[in-house]
Amino acid sequence: MDKKIRVRFAPSPTGYLHVGGARSALFNYLFSRHHNGTFILRIEDTDRSRFVENAMKEIFESMKWLGLNWDEGPEVNGDYGPYEQSKRLDLYKKYAEKLLESGNAYRCFCSPQRLAELRTEQEKNKQNIGYDRHCLTLSEDQVAEKLKKGDPHVIRFKIPHGRIVSFEDSIRGRIEYKSEVLDDLVLLKADGFPTYHMANVIDDHLMEISHVLRGDEWIASTPRHILIYEAFGWEPPEFAHLPVILAPDGKKLSKRKGAASVMDYKQNGFLPEALFNYLALLGWSPGDDREKMSLEEMVKSFSLKQVSAKASVFDEKKLEWMNGLYMAERSALSLADIVVPEWKKKQWINSERSTHDQYLLDVIELMKVRSKRTTDLVENSVYFFKDPQTYEEKAARKYFKDNAAELLKEIYTELEQLQVFDKDHLEKLYHDFAQKSEISFGKIIHPARLAVSGVSFGPGLFELLSILGKEVVLRRIKTTVSFIERNRT
RNA sequence: GGUCCGUUCGUCUAGUGGUCAGGACUCAAGAUUUUCAUUCUUGCAACAGGGGUUCGAUUCCCCUACGGACUACCA
């Protein structure tokens, strides 16, 4: 490989970062890292009507959260800037004029209305749709006169006919188009802004992009881009068109079907490294059975050859599974940054409480392995902060019957006398009690769990009791005993 | 309508001109665990259809069907 690898992710600031876009960015990132290349972020803000105020900020934030750090682009800059197309307008104008001079482009004064009429007419007659080159036949004088009058106009690219335009897609192989099926696209809009097609070609060339990895909705535009490169006398980059990500119903992903934006996933309790890993596996495979992989492994194994051409369905269940693996692996301290603020929001703990608080870390340590999402961990930990208000109904019917209250009372007395309230001593106490009273272990531990937590599942009972501490445990058992007695018929 | 892209278990995918078509998620059953989760074992489940080429096609070619993209002074 003699050429430097430079790739770019080029979103337009029209909203949040969609997971499909994130995945494209991720593949670009992996590809650049694999080849020791450069990952560039470029903002394609050439449509003033669709500009959304905070979109750029949100896109940056999403990318950083996922760990998609760019080497060149907004905020970090670089030698090929500016990296926002709206700041490169004079550049595009200059190049459009070059195309005008070389005869590869022409001015078009057709009104939007005429274009719309043309289109409906073509649709009605089942003709191929496209610009009819009405203004190509304008004489120089006519053009000069219209220019003098200040008539609004665009600059169109003149597609050479009778050609077969082909390119080698790194994922799909050779793709060919007859040039006459392409119509004369607009390069420069009447407002002086370039269209995507022109800005994209000029920037990719000027920024020395070696590989364009983008969504497959661009396949049909690629032959036009190739022709533009040709008109400039430039060599086009390599192309690879990435498949889309779909919702389970086979349609586009949207907020209604779970989530669509990267930040939604953060909100819904997913870890960035889990989303990253899952997204990498959507459409790409290392070629073997590995699934959970470190970033280094992914970088090392990444290859466009192993990228599928097929659209893939986003499976939140599998993401959840993977997130669970990463949750278990995370340190309690790192999870505390995510989870503790949520507990504060719920006012389960004091807002002054530190994320280094040992009690909180113990809770996280105990709960992280049985949580799929950080939001599960947050929710399922209530009883570490608040006495249970109710008891799981089904479990209560099962465990709070017969002589449960009496047994709880007896154990209460024993617990009261226990000097060292830790896991081992508690375990011994319960064992001894079971033996002494000749009852099964299950008879006393299940009611105990339900009494102190309100639910029938969770960490090991003795860890639970020791973390909660003697005072809390005794209080809760006492409450439970009166609950049972009150509800007796 | 035109052009282009795609099609292996429900989902993500591996794979090869000859394989019992492999793994993962989900689901089900079981083992372990004081519960839950983890872990482990087992099970269910796929080459869209039709033609070729070939001794042999899931694999190569063509057609059909289905899905999708593009066909803007949007990207």
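By convention in this document, chain letters (A, B, ...) are assigned in the order of the sequence lines, proteins followed by strands, and residues within each chain are numbered from 1. Here the structure is a predicted model, which is why all the values come from computation and not from measurement. Computation of the quantities below employed the complete heavy-atom set of this structure, encompassing side-chain atoms and omitting hydrogens, waters and symmetry-equivalent molecules.
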Residue whose closest nucleotide on RNA chain B lies nearer the 5' end, A:R449 versus A:V181: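 Whichever sits nearer the 5' end wins; that is A:V181.
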Is A:D184 paired with A:R133 through a side-chain N to carboxylate O contact shorter than 4.0 Å? yes
What does A:E320 touch in the nucleic acid at a heavy-atom separation under 4.0 angstrom: a base, only the sugar-phosphate, or nothing? nothing
I need the residues from residues 453-462 of chain A with at least one non-hydrogen atom less than 4.0 Å from RNA chain B; give them sorted by number, or say none.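 Heavy-atom cutoff 4.0 Å gives A:S456, A:F457, A:G458, A:P459, A:G460, A:L461, A:F462.
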Can you tell me how far C1' of B:A24 sits from CG of A:D288, to the nearest Å? 12 Å
Any idea how A:H446 and A:Y399 line up, ring-wise: parallel (<30°), tilted (30 to 60°), or perpendicular (>60°)? parallel
Residues in ring pair (Phe, Tyr, Trp, His ring centres under 6.0 Å) with A:W218, at least two apart?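 Counting only residues at least two positions away or on another chain, A:W218 forms a ring pair (Phe, Tyr, Trp, His ring centres under 6.0 Å) with A:Y196.
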Rounded distance (nearest 0.5 Å) linking atom CG of A:L185 with atom CD1 of A:I155: 12.0 Å
Please write out the pairs of protein N or O atoms and N or O atoms of nucleotides 6-8 of chain B separated by less than 3.5 Å, giving the distance to one decimal.
residue : atom : partner : partner atom : Å
B:U8    : OP2  : A:K310  : NZ           : 3.0

Taking atom P in both B:A46 and B:C5, what distance in whole Å separates the two?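 Pairwise P distance, B:A46 against B:C5, rounds to 30 Å.
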According to salt bridge (charged side-chain N to carboxylate O under 4.0 Å, His left out), does anything in residues 277-289 of chain A pair up with another residue at least two apart or in another chain? List the pairs. A:D288-A:R290
When the distance from CD1 of A:I245 to P of B:C5 is rounded to whole Å, what number comes out?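 Result: 22 Å.
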In the structure shown, which nucleotide is the Watson-Crick or G-U wobble counterpart of B:C73, with both distances under 3.5 Å? none
Non-neighbouring partners of A:E329 that pass salt bridge (Lys or Arg N to Asp or Glu O under 4.0 Å), sequence neighbours left out: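 Scan of A:E329 (salt bridge (Lys or Arg N to Asp or Glu O under 4.0 Å), adjacent residues dropped) gives A:K292.
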Could you state the atom-to-atom distance from NZ of A:K178 to P of B:G2 in whole Å?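 After rounding, the gap between these two atoms is 14 Å.
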Before we go on, tell me: are the rings of A:W321 and A:Y278 under 6.0 Å apart, centre to centre? no
Parallel, tilted or perpendicular: which fits the ring planes of A:H225 and A:H197, with parallel below 30° and perpendicular above 60°?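 Aromatic pair A:H225/A:H197 classed tilted.
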Nearest-Å distance once atom C1' is located in both B:U13 and B:G49: 23 Å
Just call it for A:Q122: base, sugar-phosphate, or nothing, with non-hydrogen atoms closer than 4.0 Å on any strand.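 Result for A:Q122 = nothing.
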Write down the distance between NZ (A:K318) and C1' (B:C27), rounded to a whole number of angstrom.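 Result: 15 Å.
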Using atom C1' in both nucleotides, what's the gap between B:U39 and B:A45 to the nearest angstrom?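 Roughly 24 Å separates the two C1' atoms.
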Residue A:I445, side-chain atoms from C-beta onward, closest of B:U34, B:G2, B:C12: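 Output: B:U34.
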Sort and list the pairs that fulfil ring-ring contact (aromatic ring centres under 6.0 Å, His included) and have at least one residue in residues 364-387 of chain A, not counting sequence neighbours. A:W343-A:F385
Got a sec, which residues hit ring pair (Phe, Tyr, Trp, His ring centres under 6.0 Å) with A:Y326, two or more places apart in sequence or on another chain? none
Can you measure A:L282 atom CG to B:C25 atom P for me and round it to whole angstrom units?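 It works out to 15 Å between those atoms.
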At under 4.0 Å between heavy atoms, how does the protein contact nucleotides 58-75 of chain B? Give one character per nucleotide, 5' to 3', with B, S or -. ----------SSSSSBBB
Who does B:U54 pair with, Watson-Crick or G-U, both distances under 3.5 Å?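 Base partner found: none.
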Check the distance between B:U34's C1' and A:K398's NZ and give it to me in whole angstrom.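 In whole Å, B:U34 C1' lies 12 Å from A:K398 NZ.
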For the residue pair A:F167 and A:H241, does the interplanar ring angle fall in the parallel (under 30°), tilted (30 to 60°) or perpendicular (over 60°) class?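 A:F167 vs A:H241 ring planes: perpendicular.
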Could you list the residues that satisfy ring pair (Phe, Tyr, Trp, His ring centres under 6.0 Å) with A:F270, not counting sequence neighbours? A:Y265
C1' atom, B:G68 versus B:C73: distance in rounded Å? 27 Å
Closest non-hydrogen atom pair between A:P13 and A:D45, with its separation: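 That closest heavy-atom pairing would be CG-CB, 3.7 Å.
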To the nearest Å, give me how far apart CD (A:E180) and C1' (B:C4) are. 15 Å
List in chain and number order the residues that pass ring pair (Phe, Tyr, Trp, His ring centres under 6.0 Å) with A:F9, two or more places apart in sequence or in another chain; answer none if no residue qualifies. none
Distance, rounded to the nearest Å, where A:E427 contributes CD and B:U35 contributes C1':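 Distance check: A:E427 CD to B:U35 C1' gives 14 Å.
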Considering all heavy atoms, the nearest A:E180-A:G162 contact: OE1-N, 2.9 Å
Mind checking the C1' distance from B:G17 to B:G56? Whole angstroms is fine.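 B:G17 and B:G56 have their C1' atoms separated by 8 Å.
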With rounding to whole Å, what would you report as the distance between B:C4 and B:A21 at their C1' atoms? 31 Å
Any strand is fair game: report the nucleotide pairing with B:U34 by Watson-Crick or G-U wobble, both distances under 3.5 Å, or none. none
Taking the P atom of each, how far is B:C9 from B:G22, in whole Å?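 So the two P atoms sit 14 Å from each other.
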Can you tabulate the close N/O pairs, meaning under 3.5 Å, that link protein atoms to atoms of nucleotides 38-44 of chain B?
none

Using atom C1' of each nucleotide, how far apart are B:A48 and B:U58 to the nearest Å? 12 Å
Show me the side-chain donor-acceptor pairs of residues 449-465 of chain A shorter than 3.5 Å, one per line, residues at least two apart or across chains.
residue : atom : partner : partner atom : Å
A:R449  : NH1  : A:P459  : O            : 2.8
A:R449  : NH2  : A:P459  : O            : 3.1
A:S453  : OG   : A:R449  : O            : 2.8
A:S453  : OG   : A:V455  : N            : 3.2
A:S453  : OG   : A:V455  : O            : 3.0
A:S456  : OG   : A:E392  : OE1          : 3.3
A:S456  : OG   : A:E392  : OE2          : 2.9

Give a yes/no on whether any side-chain N or O of A:S312 is located under 4.0 angstrom from OP1 or OP2 of B:U13. yes
Strictly by Watson-Crick or wobble contacts shorter than 3.5 Å, is anything paired with B:U7, and which nucleotide is it? B:A65
